**Student:** 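Okay, here's the structure, questions in a sec.
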Amino acid sequence: MAGKREPRTALGRYFAAFDYLQFGAMFCLVGTGLLFIYSTGMQIGGSDPSFSFRRQLLWIAIGSVFYFTASTLNTRSVLFKTGIIAFYGVILIALVAVLAAGVRVYGATRWLAIGGFRLQPSEFAKLALALALGLIFSLRGLGINGFAGITVSSIATVIPFLLVAAEPDFGSAIVLLPLYAAVAFVADLKWKKILFIFVVVVIAAGGIILNEVWKIRPLLRDYQRDRILVFLNPERDRLNRGYNAYQAKIAVSSGGKFGKGIGEGTQNELGFLPQTVSNNDFIFSVIAEETGFTGIVGLLACYTVLLFSILRLAYRSIDDFGRYFAVGTATVLFSHIFINIGMSLGVMPVTGLSLPFVSYGGSFLMTAMAMLGILQAIRRETLRDLEEGNY
């Protein structure tokens with residue numbers, strides 16, 4: 001029986017190995033984001049309703065360049081692995097630059113001003129760490145269960161964690177921890193070491209909590225401490241620190257089965273949920289109010305398909321780096337999804353993490369699209385391995 005005919009052109013081979021399931025889910029999410037970013041721009045009193053929409057189109061265009069460029073890379077080449085080290089170093093320099101000369105917004109210094117744009121290096125740090133951990137654990141002599149592997153990977157994680165936390169951006173910093181844990185687990189971290197690390201983390205977390213309660217040397221800023229206290233007691237400051245979260249929950253609960261209609265949500269359109277947060281931190285609440293339970297199910301279905309396609313690649317990947325990077329990407333995306341939706345439902349403190357591919361903003365959108373682009377490259381190499389019997 002004749003086998004499949006190999007595409008003759010490079011372009012044909014590229015699309016033959018393309019993961020249309022992953023791309024389709026991403027496309028639907030990006031489209032959903034554009035629709036509701038435009039909807040949030042129509043709030044009463046807005047000076048330029050389409051500004052965020054136009055700016056998001058630009059970010060999507062740049063992110064698409066990252067996506068398709070990354071999808072053509074050879075992730076097994078020495079040049080790519082050298083590039084990982086260089087990229088990781090550049091991101092560390094950028095994180096230091098933020099602390100030295102970053103743009104301060106709402107009490108936090110998280111952005112670098114480049115031309116007329118602001119970029120957030122802490123978002124790109126998630127990509128840099130996912131790449132670095134994949135490289136470290138895939139190198140001979142640096143396995144997770146060896147002293148060298150644990151030491152190098154821990155240092156590679158702790159440095160960006162501390163720099164990001166110092167901005168302060170504890171939301172992005174926290175995402176780096178499950179990223180490390182997930183990749184280490186898939187890299188076959190032994191159960192004794194898992195137990196040891198768990199005990200260390202519990203002790204460290206207890207010490208940090210006591211430090212904040214007793215105010216010995218507090219790490220949290222006043223507004224961050226207030227956010228946690230409001231989360232624990234929503235009635236504590238409902239008209240100030242807890243206002244946005246309170247209005248977000250009202251928006252979610254008022255959507256019903258089918259919502260009020262796109263552009264018809266009162267919490268959004270009348271500005272009860274301010275535009276400063278409605279198109280980013282709490283865009284899920286806008287979607288829930290305007291499309292209801294049906295819209296939420298559709299949104300979660302897109303995320304489920306996306307995460308399934310990534311984990312399927314991790315399972316099928318023969319190359320260690322590909323498997324580790326895929327798991328790292330899935331962990332970063334899931335962390336954002338879980339925390340962002342949890343903020344709107346009132347089951348997570350407000351941390352400022354965006355909803356992947358949907359929330360307004362360029363830094364994480366470009367980071368996430370670059371991650372998926374690299375996964376497309378890994379998929380192409382994995383399919384070639386399977387066809388050639390390299391397993």
Side-chain angles (χ1 to χ4, degrees), residues 4 6-7 9-37 53 56-76 80 123-124 126-127 130-131 134 283 287 295 297-319 321-337 340 354-387:
K4 292 183 179 179
E6 182 74 14
T9 65
L11 190 62
R13 290 192 295 271
Y14 173 84
F15 284 109
F18 205 71
D19 190 343
Y20 292 97
L21 187 65
Q22 179 200 101
F23 181 81
M26 182 186 74
F27 182 83
C28 289
L29 290 168
V30 169
T32 299
L34 276 175
L35 177 62
F36 287 97
I37 287 170
F53 178 81
Q56 190 73 356
L57 281 174
L58 177 60
W59 291 130
I60 292 171
I62 297 173
S64 297
V65 173
F66 285 7
Y67 177 84
F68 286 106
T69 301
S71 68
T72 64
L73 298 174
N74 178 2
T75 65
R76 299 180 185 177
F80 178 80
E123 302 291 11
F124 295 99
K126 298 162 189 174
L127 169 59
L131 288 168
I283 196 168
I287 296 173
V297 170
L299 180 70
L300 294 179
C302 286
Y303 280 125
T304 300
V305 170
L306 180 64
L307 292 173
F308 167 77
S309 70
I310 297 172
L311 294 176
R312 179 182 63 178
L313 175 61
Y315 177 77
R316 298 179 66 185
S317 179
I318 298 166
D319 177 60
F321 170 81
R323 181 166 59 255
Y324 301 153
F325 181 75
V327 169
T329 298
T331 302
V332 170
L333 294 178
F334 178 80
S335 298
H336 269 255
I337 296 165
N340 181 277
S354 59
L355 192 60
F357 306 107
V358 176
S359 290
Y360 172 74
S363 295
F364 186 67
L365 177 65
M366 291 187 290
T367 296
M369 293 185 80
M371 283 179 150
L372 294 190
I374 294 172
L375 291 180
Q376 290 285 8
I378 293 171
R379 173 182 166 84
R380 184 184 65 251
E381 294 157 357
T382 299
L383 292 179
R384 186 176 63 241
D385 285 339
L386 294 174
E387 290 173 358

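Just so we're clear, the structure is a prediction, and the values are computed from it rather than from any experiment.
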**Student:** Do I287 and L299 have side-chain heavy atoms sitting under 4.5 Å apart?
**Tutor:** yes
**Student:** What closest approach, in Å, do M371 and K126 show between heavy atoms, and which atom pair accounts for it?
**Tutor:**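 Nearest pair, atom of M371 first, then K126: CE-O, 3.7 Å.
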**Student:** Is the shortest side-chain heavy-atom distance between T329 and V332 below 4.5 Å?
**Tutor:** no
**Student:** Suppose we screen for side chain to side chain contact (heavy atoms under 4.5 Å, CB included). Which residues come up paired with Y20, at least two apart in sequence or across chains?
**Tutor:**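 Here the qualifying residues are F15, F18.
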**Student:** Looking at residues at least two apart in the chain, or sitting in another chain, which of them share a side-chain hydrogen bond (donor to acceptor under 3.5 Å, both in side chains) with S71?
**Tutor:**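 Y14.
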**Student:** Return the SG to CZ distance between C28 and F23, rounded to the nearest 0.5 Å.
**Tutor:**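 Between C28 SG and F23 CZ, I get 10.0 Å after rounding to 0.5 Å.
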**Student:** Let me confirm one number: the CD1-OH distance from I60 to Y67, rounded to the nearest 0.5 Å.
**Tutor:**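 If I round to the nearest 0.5 Å, the distance is 14.0 Å.
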**Student:** Can you name the side chain to side chain contact (heavy atoms under 4.5 Å, CB included) partners of L73, sequence neighbours left out?
**Tutor:** A70, F80
**Student:** State the CE-CZ distance between M369 and F66, to the nearest 0.5 angstrom.
**Tutor:** 10.0 Å
**Student:** I'd like to know whether I283 forms a side-chain contact (heavy atoms from CB on, under 4.5 Å) with I37, so could you lay out the CA-CA distance, the side-chain angles of the two residues, the decisive distance to 0.1 Å, and finally the verdict.
**Tutor:** CA-CA 8 Å; I283 196 168; I37 287 170; 4.0 Å; yes
**Student:** If you measure from CZ on F364 to OG on S359, what distance do you get to the nearest 0.5 Å?
**Tutor:**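 Here the rounded value is 9.5 Å.
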**Student:** Nearest 0.5 angstrom please: I374 CD1 to F325 CZ, how far?
**Tutor:** 4.0 Å
**Student:** Are side-chain heavy atoms of L306 and F357 found at a separation under 4.5 Å?
**Tutor:**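 Counting from C-beta outward, L306 and F357 do come under 4.5 Å.
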**Student:** Identify, with sequence neighbours excluded, every residue that meets ring pair (Phe, Tyr, Trp, His ring centres under 6.0 Å) alongside Y303.
**Tutor:**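 Counting only residues at least two positions away or on another chain, Y303 forms no ring pair (Phe, Tyr, Trp, His ring centres under 6.0 Å).
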**Student:** How many angstroms lie between CG in L365 and OG in S354, if you round to the nearest 0.5 Å?
**Tutor:** 8.5 Å
**Student:** Taking the side chain as C-beta and beyond, is there a heavy-atom pair between D19 and L372 under 4.5 Å?
**Tutor:**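 Result no, sub-4.5 Å side-chain heavy-atom pair not found.
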**Student:** So, do R312 and Q22 sit near enough that their side-chain heavy atoms are less than 4.5 Å apart?
**Tutor:**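 Contact flag for R312/Q22 side chains = no.
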**Student:** State which residues pass side chain to side chain contact (heavy atoms under 4.5 Å, CB included) with S335; sequence neighbours excluded, sorted by chain then number.
**Tutor:**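 Partners of S335 under the side chain to side chain contact (heavy atoms under 4.5 Å, CB included) test: V175, P178, T331.
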**Student:** For T72 and T69, work out which heavy atoms get closest and say how close.
**Tutor:**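 Taking every non-hydrogen atom into account, OG1-O, 2.7 Å.
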**Student:** Report yes or no: does S317 contribute a side-chain atom to a donor-acceptor pair with the main-chain N or O of A314 at less than 3.5 Å?
**Tutor:**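 Flag not set: sc S317 to bb A314 has no pair under 3.5 Å.
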**Student:** Please find the pair of heavy atoms, one from Q376 and one from A17, that lie closest to each other, and give the distance.
**Tutor:**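 Residues Q376 and A17, closest heavy atoms: OE1-O, 4.3 Å.
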**Student:** Taking the side chain as every heavy atom from C-beta outward, state whether T32 and C302 have any atom pair closer than 4.5 Å.
**Tutor:**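 They are not in side-chain contact.
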**Student:** Donor-acceptor check, side chain of Q56 to backbone of V358, threshold 3.5 angstrom: yes or no?
**Tutor:**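 Side chain of Q56 to backbone of V358: no pair is present.
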**Student:** More than 12 heavy atoms of other residues, nucleotides or ligands under 6.0 Å from CZ of F68: yes or no?
**Tutor:**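 Check passes, neighbour count above 12.
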**Student:** Are L307 and L333 side-chain neighbours, meaning at least one heavy-atom pair lies under 4.5 Å?
**Tutor:**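 A side-chain contact under 4.5 Å exists here.
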**Student:** Going by salt bridge (charged side-chain N to carboxylate O under 4.0 Å, His left out), name the residues that satisfy it together with R76, two or more places apart in sequence or in a different chain.
**Tutor:** E381, D385
